[in-house]
Amino acid sequence: MLSIARSELIQIFRNRSVLITSFVMPLAISAFFVYQHEVFAKIGSLGYIAAIVMFTVCAFGLYTSAVTTLASRRQNLFLKRLRSTAAGDASILAGLVLPVTVISLVQVAVIMTVLGAVTDTPANVGLLAVAVLASVAMMIGLGLATAGLTNSPEHAQVTTLPVSLGVIAVASWVGISGTDELALLKRLLPGGSATELAVNAWNGGVALTDSLLLLAPTLAWVVVAVVLATRLFRWEPRR
């Protein structure tokens with residue numbers, strides 16, 4: 001797994017288009033939100049900024065990169081070559097998505113740290129970390145499922161757009177309007193409960209048990225995504 005991840009990391013840094021579209025652009029967008037934190041805090045809250053930054057990186061960095069990577073490795077028959085080795089399927093997938101996952105987690109951690117430095121620190125750092133990890137797990141699962149519908153890296157620009165824009169839209173809707181109205185709908189949408197969890201973790205004022213209950217819809221989406229991935233992701237046959 002680690003050898004696959006190391007090779008994949010090298011490929012990422014050699015591909016300028018992936019670096020710019022999947023990592024530099026989300027970082028630049030997040031930096032804009034942090035820079036204009038006073039404006040966005042008036043629209044929503046500091047928790048809203050934390051949530052939108054989290055999903056900007058997870059949607060455009062992690063999710064899109066994972067789908068593009070898997071589609072590219074299938075197209076150039078790299079998956080077929082990997083499956084001719086002794087590596088198991090789980091190790092292959094983990095090795096392919098590990099670099100983009102680690103890079104995205106580092107990005108989120110850095111941006112959150114900067115946001116906390118220029119504003120106020122989050123009320124519950126541990127809960128915020130849980131929200132980030134749950135969101136990352138959900139986006140990886142959705143990425144594996146979407147990769148099953150994606151024939152090439154170019155095709156990934158189309159297949160990833162609905163989910164990427166969808167989770168950003170949900171995060172903005174929940175982060176700005178809250179869940180006083182249409183609470184069930186907002187929490188059941190992908191990214192809705194994770195956004196509310198991130199907002200609660202940063203702003204505080206909500207009981208820990210109530211916040212932890214918000215993990216249920218996100219974890220349910222993780223399960224749904226994994227089930228879809230097992231049905232949609234097309235493996236090259238082993239030789």
Side-chain angles (χ1 to χ4, degrees), residues 26 30 44-67 93-94 97-98 100-102 104-109 111-112 122-147 160 162-233:
S30 300
S45 65
L46 291 177
Y48 159 65
I49 299 175
I52 200 67
V53 162
M54 176 179 72
F55 274 109
T56 297
V57 174
C58 286
F60 294 111
L62 174 60
Y63 168 74
T64 302
S65 297
V67 176
L93 283 179
V97 301
L98 182 60
V100 295
T101 302
V102 172
S104 298
L105 285 172
V106 170
Q107 284 183 311
V108 172
I111 296 167
M112 296 286 192
N124 192 325
V125 177
L127 190 63
L128 183 62
V130 169
V132 172
L133 292 175
S135 301
V136 166
M138 181 183 72
M139 297 310 295
I140 290 175
L142 291 173
L144 293 176
T146 307
T160 59
V163 173
S164 298
L165 296 181
V167 294
I168 294 294
V170 170
S172 298
W173 185 29
V174 175
I176 293 175
S177 64
T179 54
D180 291 334
E181 297 180 354
L182 302 175
L184 182 60
L185 173 63
K186 291 178 179 178
R187 289 169 179 167
L188 290 179
L189 289 173
S193 60
T195 297
E196 187 178 0
L197 184 61
V199 171
N200 292 347
W202 196 286
N203 296 340
V206 179
L208 180 60
T209 52
D210 292 339
S211 293
L212 289 177
L213 288 174
L214 295 172
L215 279 174
T218 302
L219 295 179
W221 271 107
V222 173
V223 174
V224 169
V226 170
V227 171
L228 287 174
T230 57
R231 293 179 178 273
L232 296 176
F233 191 76

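This is a predicted model, so every value here is computed, not measured. As a basis for the values below, the full set of heavy atoms in this structure was taken, side chains included, without hydrogen atoms, waters or symmetry mates.
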message: List the residues meeting side-chain hydrogen bond (donor to acceptor under 3.5 Å, both in side chains) with N203, not counting sequence neighbours, and say none if there are none.
response: S45

task: State the CG-OG1 distance between L142 and T160, to the nearest 0.5 angstrom.
output: 12.0 Å

task: With sequence neighbours left out, write down each residue that passes side chain to side chain contact (heavy atoms under 4.5 Å, CB included) with V108, or none if nothing qualifies.
output: V57, M112, V132

query: Considering all heavy atoms of both residues, which atom of S135 and which atom of A194 are nearest to each other, and what is their separation?
result: OG-CB, 3.3 Å

task: State, to 0.1 Å, how close V167 and A59 come at their nearest heavy-atom pair, and which atoms those are.
output: CG2-CB, 3.7 Å

- prompt: Sequence neighbours excluded, which residues qualify as side-chain hydrogen bond (donor to acceptor under 3.5 Å, both in side chains) partners of S65?
  reply: S22

- request: Could you pull out all residues at least two apart from Y48 that satisfy side-chain hydrogen bond (donor to acceptor under 3.5 Å, both in side chains)?
  value: none

Side-chain donor-acceptor contacts of residues 206-229 below 3.5 Å, not counting sequence neighbours, with atom names and distances?
unit_1 : atom_1 : unit_2 : atom_2 : d
S211   : OG     : A207   : O      : 3.4
T218   : OG1    : S193   : OG     : 2.7
W221   : NE1    : L188   : O      : 2.7

- line: With sequence neighbours left out, the residues meeting side chain to side chain contact (heavy atoms under 4.5 Å, CB included) with V170 are V174, L189

statement: Hits for side-chain hydrogen bond (donor to acceptor under 3.5 Å, both in side chains) against S177, two or more places apart or cross-chain, chain-then-number order -> K186

message: Once side chain to side chain contact (heavy atoms under 4.5 Å, CB included) is applied, do any residues pair with V125, and if so which ones, sequence neighbours excluded?
response: P122

task: Answer whether the closest heavy-atom distance between the side chains of S104 and V136 falls below 4.5 Å.
output: no

query: When rounded to the nearest 0.5 angstrom, what is the spacing between CZ in F60 and CG in L165?
result: 5.0 Å

Atom pair OH/OG of Y63 and S164 - distance to nearest 0.5 Å: 5.5 Å

query: Taking it one step at a time, do L133 and L105 satisfy side-chain contact (heavy atoms from CB on, under 4.5 Å)?
result: CA-CA 8 Å; L133 292 175; L105 285 172; 4.2 Å; yes

- prompt: Looking at CG of L185 and CH2 of W173, how far apart are the two atoms once the value is rounded to the nearest 0.5 Å?
  reply: 4.5 Å

query: Taking side chain as C-beta onward, heavy atoms only, is I111 less than 4.5 Å from M54?
result: no

message: Restricting to non-hydrogen atoms, name the atom on L127 and the atom on N124 that form the minimum distance, rounded to 0.1 Å.
response: N-OD1, 2.9 Å

- prompt: Could you give all pairs that pass the salt bridge (charged side-chain N to carboxylate O under 4.0 Å, His left out) test and reach residues 163-183, with sequence neighbours left out?
  reply: none

task: List in chain and number order the residues that pass side chain to side chain contact (heavy atoms under 4.5 Å, CB included) with A94, two or more places apart in sequence or in another chain; answer none if no residue qualifies.
output: M1

- line: Output for pair (I168 CD1, C58 SG), nearest 0.5 Å, gives 9.0 Å

- prompt: Quick one: which of L197, T179, T195 gives a side-chain contact (heavy atoms from CB on, under 4.5 Å) with R187?
  reply: T179

- prompt: If you take all heavy atoms of I52 and A171, which pair is closest and at what distance?
  reply: CD1-CB, 4.0 Å

statement: Of all heavy-atom pairs linking W202 and A50, the shortest is CE3-CB, 3.6 Å

